[in-house]
Novice: 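Pasting a structure here, questions to come.
Letters go in sequence order (proteins before strands), and every chain restarts at 1.
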Amino acid sequence: MGLFILRRLGVMILTALCLTFIVFTLTNLEPNLEKLAKNQANARMTDDQVISWLDNRGYNDPMLIKYGRWLGVLPHFTREEDGEVVYSRCATPGTTIEEAGSFCGVLQGNWGWSTVFQNEVLEILGVRGWQTAKLMFFVMLVMVPGALIVGVLAGMKEGSKLDRSLSTFSIGTTATPEYVSGVIFISLLASPMIGPNWFVGSAQTAMDNITFENFTLPVLTIALYGMGYIARMTRASMTEVMTAQYIRTARLKGVSFQQIVLKHALRNALIAPFTVIMLQLPWLLNGVVIVETLFNFKGFGWTLVQAAGNNDIELLLGVSIISVVVVLVTQLISDIGYVFLNPRIRIA
Amino acid sequence: MTKHDVKNMQGVHHGALMYAQEYKDGLMDRREFLSRATALGVTTATAYALIGSEPAKAAAHAQQGGTLRYQMEVRAPKDPRTFDWTQLATVTAGWLEYLVEYNSDGSFNPMLLESWEANDDASVYTLKVRPGVTWNNGDPFTAEHVAFNFTRWADGTAEGNSMAARVASLVDPETNQAAEGAIEVVDDLTVRLNLLNPDITIIPGISDYPAAVIHPDQDPNNTIGQQLGTGPYLCTQHEVGVRATLERNTDHDWWGYAAGKGAYLDRIEFIDYGTDPSAFVAAYAADEIDLNWESVGEYVELFDGLGLVRSEIPSGFTIVIRPNQLATDADGKVIFEDKRVRQAIAMAVDNEVCLELGMAGYGIPADNCHVGPMHPEHAPEVTRIPYDPERAFELLQEAGMADYEFELISIDDDWRRNTTDAVAAQLRDAGFNIKRTILPGSTFWNDWTKYAFSSTNWNHRPLGVQVLGLAYRTGVAWNEFGWSNPEFDALLNEANAIADADARREVMAKIQAIVIEEGVTIQPYWRSAIRHHKPGFVGLERHVADLPQLYKMGIAAS
């Protein structure tokens, strides 16, 4: 088991290295650097000014050198004038060049400086990630029990009226992307012009203070999308279990239907959905990008949109690392959890 | 006129007296008079007295204290002289103030200056620093600080410094720095500007939003981390894209309290809702904001319907849909070299249609010359080439471009995209072959001056000569038209030195005529600047140029 986790960690680091290098290369393409310069200095500056801006900050150095600097294996860019260091990439606003040192990469624990937010990347990811964690927590709270209940109810008797109606519901929610359901929810439930004004169409205040009014719609928008999929998986698994030999035996022995479902079928039927739920978590990060932007909830997904829109190189790299970690850690949990749920499977 | 007024008039710039006479003769409207007279150093009160009128007073009074929640994009802070968004200045205006303030009625008021005076041909300005102003670190504000800021602004080598163009008459073209002796500290409270050439735009230039005055010890790239300023507020929270909060700096004795300037609110919260107006509707509905930055298009009526107060002002905000005369296509052909093609484009478009479709009619049609009735020197008799789509297509055929496919580019937003769509549709109706390309806001500005045929929004500027100098003069950085015309340049220089009203308008008439005749651009309309706020506030009116005047905002006294 220990070796397995260690190997997974190795894969994680390797994946993170590959992904960040790809992101690094793409964000350091010349037009993207020009965009960065114009975002940072002045949207309407001349080409000569763009070149001098980039030169003065080391953006025009060779790609591998720049990547090494970001990793922290090469000393960071400094500019000298008359033999004196006048600019160092390590010196963030508020620190002097002497204090900064010459290495300031990920290996030194410095994830860089976000050009769009003018702050430490790690701090932004912490603050924004926490907001998204709150959102995800509530999404899971609604989605997982909801999906399992719907799936189990539908799978108990295949082809029944209950199964048909719940399946239609599941397929409907899964087939409706967040950007459609979110807009429908806002206009139906949170618009002062039409319909009942039960909720608030903006989750701005939920960042400090979560209430039923301001958080229901974003949570529901993401949860419903994932719910249908998991419910379908649970249903498939449940129907399969319900046709198994031992269930038939139990029924022939005269065990009540309720007992069969709760005692005998449920545990076996939940193995497959468990994996799906864990794999669904990284998928939810997609939905978060749309929903956070739609509801003005400033979390991880919104940060990604801002970083990408402004070619914020170091923040995008940070986001990539976090994404790799989230995906691989959830997979790890799912693999380990599988072992506990299904004794037939072992991992070395 | 009373005796008192006559006495006041001694020492008033003779130009201002001349303007006053013209105003009385009906040659000039009130706004134009105020703009010109105060730019010459006459105080607003005197200017109003010269024409026997009273400045408009706020009808309601503000109470002390309270919080305002203001929907606004919170952008990444940077060196003030490189500001490219008024939103940036709106946050820093809490503690970084300006020498001169431009008002929606067209007047210029002294802020950190007490007064200024121009000589007869507007080539020497004497600036008097307001006594008794202190920085929030306790340092007194002196003429040295004013000179320091002018030197900073005049540095044309600094990347992104747009102030260099605004104080171009101080900049030595050889060194791209302030010319030797141009900025002269006479004594502790007096600065003299010896301009290289007569320039009437210098006072409007230093009242613009990037002209925030900073302390010599300030690290200009760390305005949020090191808040050294003269103003009444401090920024206690600043998260780009999320929110910024200004709170009263209780440790600082702001000069404005004694001068009766206000700064009524204790706290101003700027909350970022992105750029989608439907989010602002949701924010109002959820009672999360009291004031929005800007209301455009069909959202104006939507906001009206929410019971909000509409604040509207006709302004110089506009859009140009222009060919770039230097642009070449893939075959190396200079697309808009032929004047007939450019004229054809202008003739094929009805500007009123653009106004209706682009701005839902909130504005007034313009004459394709980027000078309008809100500018003092506008010559109203010079109008556009008449709308005539048939003749336009004939011109296009004569130029041999009838089959050519023109690509028309715009940014992806509401009014700019819609206006450009309206132009494209009218061009197609006239027989042009048009391909529309819409670029997202994040990439549009990368090449905005170089697109062969595209639309660009332009902000309001107090004088007509200003935008012409920034964007239409040969070789300037923002010349997106690729236009170079020696006659125009010479006339513009001439206009920049003329204090006399009629003479200057005569020159401007020629300038407008050249811009129109050359088919430099379609400039379809002047926008009305509109925003909304909840009832119960004062001083939230939309400013004609979106300049930050936070100290005027307050909650209405009950």
Novice: Is a side-chain donor or acceptor of K298(A) paired with a backbone partner of E239(B) at a separation under 3.5 angstrom?
Specialist: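 Side chain of K298(A) to backbone of E239(B), a donor-acceptor pair under 3.5 Å: no, none is there.
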Novice: Heavy-atom distances under 4.5 Å only: say whether D272(B) touches chain A with side chain, backbone, both or neither.
Specialist: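 D272(B) touches chain A through backbone and side-chain heavy atoms alike.
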Novice: Highest number of heavy-atom pairs under 4.5 Å with chain A: which of A158(B), G274(B), G241(B), S162(B)?
Specialist: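 Heavy-atom pair counts peak at G241(B).
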Novice: Please state whether the side chain, the backbone, both or neither of V50(A) comes within less than 4.5 Å of a heavy atom of chain B.
Specialist: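 For V50(A), neither part sits under 4.5 Å from chain B.
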Novice: Which region of D447(B), side chain (C-beta onward) or backbone (N, CA, C, O), has a non-hydrogen atom less than 4.5 Å from a non-hydrogen atom of chain A, or is it both or neither?
Specialist: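 D447(B) touches chain A through backbone and side-chain heavy atoms alike.
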Novice: Going by heavy atoms in the side chains, are V242(B) and F117(A) under 4.5 Å from each other?
Specialist: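 The answer is no, as the side chains (C-beta and beyond) never meet within the 4.5 Å cut-off.
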Novice: Which pair of non-hydrogen atoms, one from S202(A) and one from E288(B), has the smallest distance, and what is that distance?
Specialist: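 Scanning both residues, the minimum pair turns out to be OG-OE1, 2.8 Å.
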Novice: Picking from N56(A), T115(A), V116(A), which has the most non-hydrogen pairs under 4.5 angstrom with chain B?
Specialist: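 Heavy-atom pair counts peak at V116(A).
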Novice: Taking side chain as C-beta onward, heavy atoms only, is Q118(A) less than 4.5 Å from I224(B)?
Specialist: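 They are not in contact (no side-chain heavy atoms under 4.5 Å apart), so the answer is no.
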Novice: Please state whether the side chain, the backbone, both or neither of R75(B) comes within less than 4.5 Å of a heavy atom of chain A.
Specialist: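 Neither the backbone nor the side chain of R75(B) comes within 4.5 Å of chain A.
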Novice: Counting only heavy atoms closer than 4.5 Å, note whether Y284(B) contacts chain A via side chain, backbone, both or neither.
Specialist: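 No part of Y284(B) comes within 4.5 Å of chain A.
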Novice: Look at atom CD of Q108(A) and say whether more than 12 heavy atoms of other residues, nucleotides or ligands are closer to it than 6.0 Å.
Specialist: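 Count over threshold, so yes.
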Novice: What pairs with T20(A) under side chain to side chain contact (heavy atoms under 4.5 Å, CB included), at least two apart in sequence or on another chain?
Specialist: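 Result, side chain to side chain contact (heavy atoms under 4.5 Å, CB included) vs T20(A): Y67(A), W70(A), L317(A), S320(A), I321(A).
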Novice: So which part of T449(B) gets closer than 4.5 Å to some heavy atom of chain A, the side chain, the backbone, both or neither?
Specialist: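 The answer is neither part of T449(B).
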Novice: Counting heavy-atom pairs closer than 4.5 Å to chain B, which one of Q204(A), M207(A), E34(A), E213(A) comes out on top?
Specialist: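 So the answer, after comparing Q204(A), M207(A), E34(A), E213(A), is Q204(A).
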Novice: Please say whether more than 12 non-hydrogen atoms of neighbouring residues, nucleotides or ligands are located less than 6.0 Å from CZ in F295(A).
Specialist: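 It does: F295(A) CZ has more than 12 such atoms within range.
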Novice: Q306(A) versus chain B, heavy atoms under 4.5 Å apart: side chain, backbone, both or neither?
Specialist: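 Neither part, no heavy atoms under 4.5 Å.
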